[in-house]
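Heads up: the structure comes next, in structure tokens.
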Amino acid sequence: MLKRTHTCGELRKENTNESVNLNGWVNTVRLHGQVIFIDLRDRYGKTQIIFNSDDYSGDFEAVKKLSMEDVLSIKGTVQARGENAVNPNMSTGEIEVIVETMELLSETAPLPFVITDRESALEDLRLKYRYLELRTDELQHNIIIRHKSYQAVRSYLSEKNFLEVETPILMKSTPEGARDFLVPSRLHHGKFYALPQSPQIYKQILMISGFDRYFQIVKCFRDEDFRADRQPEFTQIDIEMSFVDEEDIYSNMEGMTQHVFKEVIGTDLPDPFPRITYDEAMSKYGSDKPDTRYTLYLQDVKQFTDMSDFNAFKSAECVKAIVVPGGVKYSRKMIDELTDVVKTFKAKGLAWMKMDAGHLTGGISKFFEDNLQKEIKNATGMDDGDIIFLIGDERSVTEKSLGALRVEIAKREDLTDKNNFKPLWVTDFPMFEMDEETDKLTFLHHPFTSPTTQDVNELDSDPESLKARAYDLTLNGYEIAGGSIRIHSPEIQNKVFSLLGLSPEEVKEKFGFLVEALTYGAPPHGGIAFGFDRLVMLLTGSNNIRDVIAFPKTTSALSLMDGSPDSVSEKQLDELNIQIKKKK
RNA sequence: GGGAUCGUAGUUCAGUUGGUUAGAACGCCGGCCUGUCAAGCCGGAGGUCGAGGGUUCGAGUCCCUUCGGUCCCGCCA
């Protein structure tokens, strides 16, 4: 092998007449009889190399057989391209390399799909041959963005005195939020480790140990169902700080996020980040992770629908509406499609009216007399050419379904500029919510989150009305981080466990070590965890988390490349004393 | 757990109300070609229509089951 003197993205006009060696993959072959053009590619770029039968000393017939993705090592001379031959689309487009000798380092088998075009194959095939898909410009770029993001996070936090500490991957299963991935123990019959859903308890214990600023870029595991932005294993930037309140978290994390965006993609984020309470987010956007790149606010119109002759909304707890400017263009078919969207969120239907020459027309407009129409126009700011969509239902159904409609309309109206970044803190989350299935109190964040009160009696009296000292950081409709100020008093922690329905025995068994640790001088502390994959996804402009993970799993948690999960041998099962039951 | 949608050549797709020998483009193989950069031109090979079952004289097309992909609801602090 002729070791490379340059990469395939490096040579310029200034290198003319230099003798160079290049190593890389054949990107394309253009065969013209006695002259052959090949774009040689590596991670750094592409360079056109030329085999000319007059000059090339080796076997020209062998060169004719080269095909895409063969791996070559060549020696040649850099030559400036003629004026008409310059390719302005390539960074190396002003030069080409006349090949003198070539060694075929590796011949490729016929390809399952064309690598230059990610669209050329369906995703399952691309995932099976992920190593080939990773050769595409887009994924190479994404992996580089991800690398830069790690570095930007580490350098910022390290500079601010945060210590990176590793925590165990094999840990105790605790009844927190998601289902655990379990790992059987060979040495301890019938016992299991769990993979961490997050290093939550360890990082709190690190605070008790005095490491007052901790971070870790760490894999977390949750055995739930997956989506475009959720994988079974994912990466968090896990952070915890002692002697802090919410404001310390906000300012440090704003600084880190601004630094990452500036370093990685050169974007300036707002300073400071705006904030909204959970209640206001739900009321105004119908979401706890509002996309604030566009308005389309939810507006309360119950007072008007109550005065109309439209009876379906009279008994509804909450009637809200979205006005879409220019929405008269919406056809019956489009409205039907939007109705399907809101129905998946349990809305019974989608009411609408269009405004033309100051009057409401179509949809449910006949139930609204003239004066009422004027009032609606004034209150909502609706104008000629607009459409108003209305939903009446229980508050949560109305808000969630209109929130989803708002996102769908923004997508259709192209209001979501990928290069426009709108971070937003969501604050004042409820401490608990009622689980409708079990009729038990459950936490919104996690059970270590501090309530806004330190009064045990207040906790007892009306837990559902309590707020938590929890916060999420959202960006363009994605939750990119979430955290809280933690409980550092063993009494409050025990109280919260008992409100969640855990018996003292269960608490002792599952969380005893944490509660005990809290008794030995626990500093007030709090923290946050960033969904690193989602953050990188936004930095790359993708809307698919698989695009920023080198070896992702499918939405059914399969790895199509290596075929995991898979069955194991009887011997392995025997060692673990595990027997596979028949399903059902 | 539920819903929607997709699966036809190596790949991306077309394939009408169920009806002759399942087509196109790219890729692959062979030939021609000294300035291309999505090179071009000529020729060729290539199909378990995801799998299994059913209805029918006849199924890529209709029905059932099943496997897999994607998106969503529930779920995921």
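By convention in this document, chain letters (A, B, ...) are assigned in the order of the sequence lines, proteins followed by strands, and residues within each chain are numbered from 1. In this text the structure is predicted, and so the values were computed from the model without any measurement.
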Worksheet entry | Heavy-atom closest pair, residues A:Leu132 and A:Phe113 | CB-CZ, 3.9 Å

Response to the item:
The nucleotide from B:rC76, B:rC73, B:rC28 with an atom nearest the side chain of A:Arg222 is B:rC76

Discussion item. Whole angstroms only, please: what is the CZ-C1' distance between A:Arg130 and B:rG69?
Written reply: 14 Å

Practice prompt. Report yes if a side-chain nitrogen or oxygen of A:Arg227 is closer than 4.0 Å to either non-bridging phosphate oxygen (OP1 or OP2) of B:rC73; otherwise report no.
Written response: yes

Item to complete: Identify which nucleotide among B:rU34, B:rC26, B:rC37 has an atom closest to any side-chain atom of A:Val114, counting heavy atoms from C-beta outward.
Response: B:rC26

Practice prompt. Under 4.0 Å between any heavy atoms, over every strand shown, what does A:Asp223 touch: base, sugar-phosphate, or nothing? Just pick one.
Written response: nothing

Worksheet entry | Nearest-Å distance for atom pair CZ/P, residues A:Arg81 and B:rC37 | 11 Å

Item to complete: State whether the distance check finds a donor on one side and an acceptor on the other, under 3.5 Å, for side chain A:Asp225 versus base B:rG74.
Response: yes

Practice prompt. Check if the side chain of A:Glu96 and the base of B:rG35 share a donor-acceptor pair of N or O atoms closer than 3.5 Å.
Written response: yes

Worksheet, complete the sentence: Side-chain atoms of A:Phe345 come closest, of B:rG10, B:rU36, B:rC73, to B:rC73

Fill in: Shortest side-chain distance from A:Leu122, nucleotide among B:rC13, B:rG74, B:rC37
B:rC13

Worksheet item: From A:Lys46 NZ over to A:Asp137 CG, what is the distance, rounded to the nearest 0.5 angstrom?
Response: 5.0 Å

Practice prompt. Provide the Watson-Crick or G-U wobble partner of B:rU55, both distances under 3.5 Å; none if there is no partner.
Written response: none

Item to complete: Determine, stepwise, if the pair A:Lys203 / A:Asp238 fulfils salt bridge (charged side-chain N to carboxylate O under 4.0 Å, His left out).
Response: CA-CA 8 Å; A:Lys203 69 176 174 178; A:Asp238 196 45; 2.7 Å; yes

Worksheet entry | N/O (side chain, A:Lys65) to phosphate O (OP1/OP2, B:rG30) under 4.0 Å | yes

Worksheet item: A:Met90 has a side chain; which of B:rC28, B:rC37, B:rU34 sits nearest to it?
Response: B:rC37

Discussion item. Tell me whether the ring of A:Phe113 lies stacked over the B:rU11 base, given a 5.5 Å limit on centroids and a 30° limit on the plane angle.
Written reply: no

Item to complete: Would you please confirm or rule out a distance under 4.0 Å between OP1 or OP2 of B:rU70 and any side-chain N or O of A:Thr555?
Response: yes

Worksheet item: Where the side chain of A:Leu558 is concerned, which of B:rC72, B:rU36, B:rG69 is the nearest nucleotide?
Response: B:rG69

Practice prompt. Answer yes if the side chains of A:Thr16 and A:Gln79 hold a donor-acceptor pair under 3.5 Å, and no otherwise.
Written response: no

Fill in: Spacing of A:Ile545 atom CD1 relative to B:rC72 atom P, expressed in whole Å
12 Å

Worksheet item: Applying a 3.5 Å limit to both distances, which nucleotide forms a Watson-Crick or G-U wobble pair with B:rU5?
Response: B:rG69

Fill in: Parallel, tilted or perpendicular: ring planes of A:Phe511 versus A:Phe448, cut at 30 and 60 degrees
perpendicular

Item to complete: Please state whether the phosphate of B:rC71, meaning OP1 or OP2, lies under 4.0 angstrom from any side-chain nitrogen or oxygen of A:Arg546.
Response: yes

Practice prompt. Apply the side-chain hydrogen bond (donor to acceptor under 3.5 Å, both in side chains) test between A:Gln204 and each candidate in A:Glu240, A:Arg486, A:His525; give the one that qualifies.
Written response: A:His525

Discussion item. What's the closest nucleotide to the side chain of A:Ala121 if the choices are B:rG10, B:rG35, B:rU12?
Written reply: B:rU12

Item to complete: Using a cut-off of strictly less than 4.0 Å, decide whether A:Thr28 has a side-chain nitrogen or oxygen near OP1 or OP2 of B:rC37.
Response: no

Item to complete: Verify the contact: side-chain N or O of A:Ser556 to OP1 or OP2 of B:rG69, cut-off strictly under 4.0 Å; return yes or no.
Response: yes

Item to complete: Ignoring the backbone of A:Val35, work out which of B:rG74, B:rU34, B:rG68 is nearest its side chain.
Response: B:rU34

Discussion item. Just N and O in the side chain of A:Arg30: are any of them under 4.0 Å from OP1 or OP2 of B:rU36?
Written reply: no

Practice prompt. Indicate whether A:His32 forms a stack on B:rA39; treat it as stacked only if centroid distance is below 5.5 angstrom and interplanar angle below 30 degrees.
Written response: yes

